[in-house]
There are 2 protein chains.
Amino acid sequence: MSDAPPRSIGAVGTIRQALVEQIGQGLLPPNGKLPAERRLSELFDTTRITLREALSQLEAEGLIYREERRGWFVSPARVRYNPLARTHFHAMVEAQGRSPATEVVHARLVPASGEVCALLALPALSKVIQIRRVRRIDGRQVLYVEHNLNPAYFPGLLELDLTRSLTELYAGQYGIRYGRVRFEITPIALAADAALALRAAAGSPALQITRVNRDQFDRIIDCDLEYWRHDAIQVSVEVPEQSE
Amino acid sequence: MSDAPPRSIGAVGTIRQALVEQIGQGLLPPNGKLPAERRLSELFDTTRITLREALSQLEAEGLIYREERRGWFVSPARVRYNPLARTHFHAMVEAQGRSPATEVVHARLVPASGEVCALLALPALSKVIQIRRVRRIDGRQVLYVEHNLNPAYFPGLLELDLTRSLTELYAGQYGIRYGRVRFEITPIALAADAALALRAAAGSPALQITRVNRDQFDRIIDCDLEYWRHDAIQVSVEVPEQSE
DNA sequence: GAGTGGTCTAGACCACCCA
DNA sequence: GGGTGGTCTAGACCACTCC
């Protein structure tokens with residue numbers, strides 16, 4: 001019902017509200033670290049289990065996040081992301097007044113997984129260029145991506161600087177621009193490898209975005225498997241033109 | 001890294017794997033209820049706290065879900081949902097071999113919230129037709145929606161049968177069809193009212209989808225605030241045609 | 001090396017669901 | 001009314017981070 005029953009909210013609720021209020025007042029700045037769990041549990045006169053329950057709720061709400069074995073931090077504002085737009089990560093992040101960065105985990109030619117073969121419409125056991133990268137916003141690891149490129153269209157790509165935008169490399173080196181896009185969004189939990197790269201706990205809530213990209217000739221050129229920390233992103237889709 | 005270190009996975013991991021395996025083998029059918037927590041904790045020779053930690057992980061992964069004070073259940077397959085498509089809920093669900101249902105929580109004329117005024121491009125303190133509904137798939141409450149309609153376009157709508165598809169009512173009664181759509185997707189936690197309607201715990205992970213719909217004349221006719229149980233949905237966007 | 005988060009134990013009481 | 005899930009207590013040990 002709309003009017004909440006006047007019920008006691010319990011210790012977890014009390015802690016939650018106190019932290020929400022402190023964060024809302026700006027006393028804990030974005031990306032700032034919370035005090036140690038033991039200190040907080042003393043402060044609220046409760047056990048660590050109960051305290052962690054409250055922290056987990058705030059994590060689910062996206063107000064705070066955790067870095068594995070490093071502690072709890074205040075989540076900064078979400079970044080808006082339009083998977084249909086043809087801008088790249090750095091441009092998108094900078095347009096929102098934030099500071100992007102990219103690291104290459106690895107880049108190599110590998111046999112594609114069955115899933116990737118299907119997405120790229122390639123025969124079984126095809127080879128693809130696989131690039132795994134971690135993207136940061138304001139220093140925080142926020143996105144783990146695996147790009148899978150059809151190698152037929154990108155000879156010599158592995159020799160280039162892959163911390164740069166792929167969009168720019170495509171256009172500058174190969175004369176390829178993005179055309180149609182298809183994407184899927186699924187709420188999931190982070191697998192071990194993605195979690196490690198994002199300094200998150202395995203099983204943390206995340207948003208998986210799978211994109212299949214075509215070029216100006218409508219050829220499937222690559223697919224991206226993206227894993228976003230769930231509190232870092234807001235997907236926003238505006239279809240520019242649409243015939244009735 | 002790709003190759004996981006051969007580290008002990010702990011009690012939580014053991015329980016997790018056992019349940020994953022049982023569910024994967026189909027021994028626990030979709031929407032089937034798991035045994036009581038106390039029984040499971042005896043079975044795995046551990047405490048309820050540890051057991052619940054394992055169940056929470058599986059919940060985050062979307063393999064099982066919880067109904068408030070009723071227990072844990074096996075999640076059925078996700079439904080694919082394309083917010084750009086002009087089909088309605090019932091048609092979409094049935095097309096995937098599932099069984100849809102709709103209940104109206106309430107329907108009334110109310111002063112719009114500031115957020116809704118902004119979405120509908122209405123002046124402050126405008127009145128809107130607010131319809132809140134719960135949607136089920138195979139009996140399970142999966143989606144809580146608040147529709148907000150510009151009342152100028154829908155006189156007398158509150159007298160109609162609102163368990164039906166709004167899309168059909170729009171077309172049949174008012175000659176209005178959907179045109180352009182804008183939508184946003186945000187991973188959040190369920191607020192109290194949505195949680196109650198979905199029989200979920202407040203703070204459960206969810207996907208918020210906010211849609212702003214226009215008609216064939218490009219007028220903004222309504223906006224939907226949708227709250228999906230996070231394990232029930234997979235958003236899939238295919239843009240039919242797009243000019244370069 | 002001190003302190004932190006990650007994990008786990010062994011209980012308890014209460015509110016609520018369901019038979 | 002019995003059993004369930006929701007919540008909470010008061011500890012403990014370990015692996016890891018950071019100084």
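In this text, all values refer to a predicted model and were calculated from it rather than measured experimentally. Every chain is numbered from 1, with letters handed out A, B, ... down the list of sequences.
In this view, A:Phe73 and A:Tyr65 satisfy the ring-ring contact (aromatic ring centres under 6.0 Å, His included) rule, not counting sequence neighbours. Take A:Arg66 and apply the salt bridge (Lys or Arg N to Asp or Glu O under 4.0 Å) test, not counting sequence neighbours, and it matches A:Glu59. With sequence neighbours left out, B:Glu53 forms a side-chain hydrogen bond (donor to acceptor under 3.5 Å, both in side chains) with no residue at all.
Rounded to whole Å, atom P of C:dG5 lies 9 Å from atom CG of A:Leu55. The CG-C1' distance, from A:Leu51 to D:dG11, rounds to 16 Å in whole Å.
Looking only at side-chain heavy atoms (C-beta outward), B:Val212 and B:Phe183 stay at 4.5 Å or farther from each other.
Under 4.0 angstrom from either OP1 or OP2 of C:dT9 there lies at least one side-chain N or O belonging to B:Thr46. Side-chain nitrogen and oxygen atoms of A:Thr47 include none within less than 4.0 Å of the OP1 or OP2 phosphate oxygen of D:dG11.
Sequence neighbours left out, the pairs with a member in residues 38-48 of chain A that pass salt bridge (charged side-chain N to carboxylate O under 4.0 Å, His left out) are A:Glu37-A:Arg48.
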Every protein N/O within reach of nucleotides 4-7 of chain D N/O, cut-off under 3.5 Å:
{"unit_1": "D:dT4", "atom_1": "OP1", "unit_2": "B:Arg39", "atom_2": "NH2", "d": "2.5"}
{"unit_1": "D:dG5", "atom_1": "OP2", "unit_2": "B:Glu37", "atom_2": "N", "d": "2.8"}
{"unit_1": "D:dG5", "atom_1": "N7", "unit_2": "B:Arg38", "atom_2": "NH1", "d": "2.8"}
{"unit_1": "D:dG5", "atom_1": "O6", "unit_2": "B:Arg38", "atom_2": "NH2", "d": "3.0"}
{"unit_1": "D:dG5", "atom_1": "N2", "unit_2": "B:Arg69", "atom_2": "NH1", "d": "3.2"}
{"unit_1": "D:dG5", "atom_1": "N3", "unit_2": "B:Arg69", "atom_2": "NH1", "d": "3.4"}
{"unit_1": "D:dG6", "atom_1": "OP2", "unit_2": "B:Arg52", "atom_2": "NH1", "d": "2.7"}
{"unit_1": "D:dG6", "atom_1": "OP2", "unit_2": "B:Arg52", "atom_2": "NH2", "d": "3.4"}
{"unit_1": "D:dG6", "atom_1": "O4'", "unit_2": "B:Arg69", "atom_2": "NH2", "d": "3.4"}
{"unit_1": "D:dG6", "atom_1": "N7", "unit_2": "B:Arg48", "atom_2": "NH2", "d": "2.9"}
{"unit_1": "D:dG6", "atom_1": "O6", "unit_2": "B:Arg48", "atom_2": "NH1", "d": "3.0"}

Show every donor-acceptor pair shorter than 3.5 Å between a side-chain atom in residues 9-30 of chain B and any protein atom, with sequence neighbours excluded, or say none if there are none.
{"unit_1": "B:Thr14", "atom_1": "OG1", "unit_2": "B:Gly10", "atom_2": "O", "d": "2.9"}
{"unit_1": "B:Arg16", "atom_1": "NH1", "unit_2": "B:Glu61", "atom_2": "OE1", "d": "2.8"}
{"unit_1": "B:Arg16", "atom_1": "NH1", "unit_2": "B:Glu61", "atom_2": "OE2", "d": "2.8"}

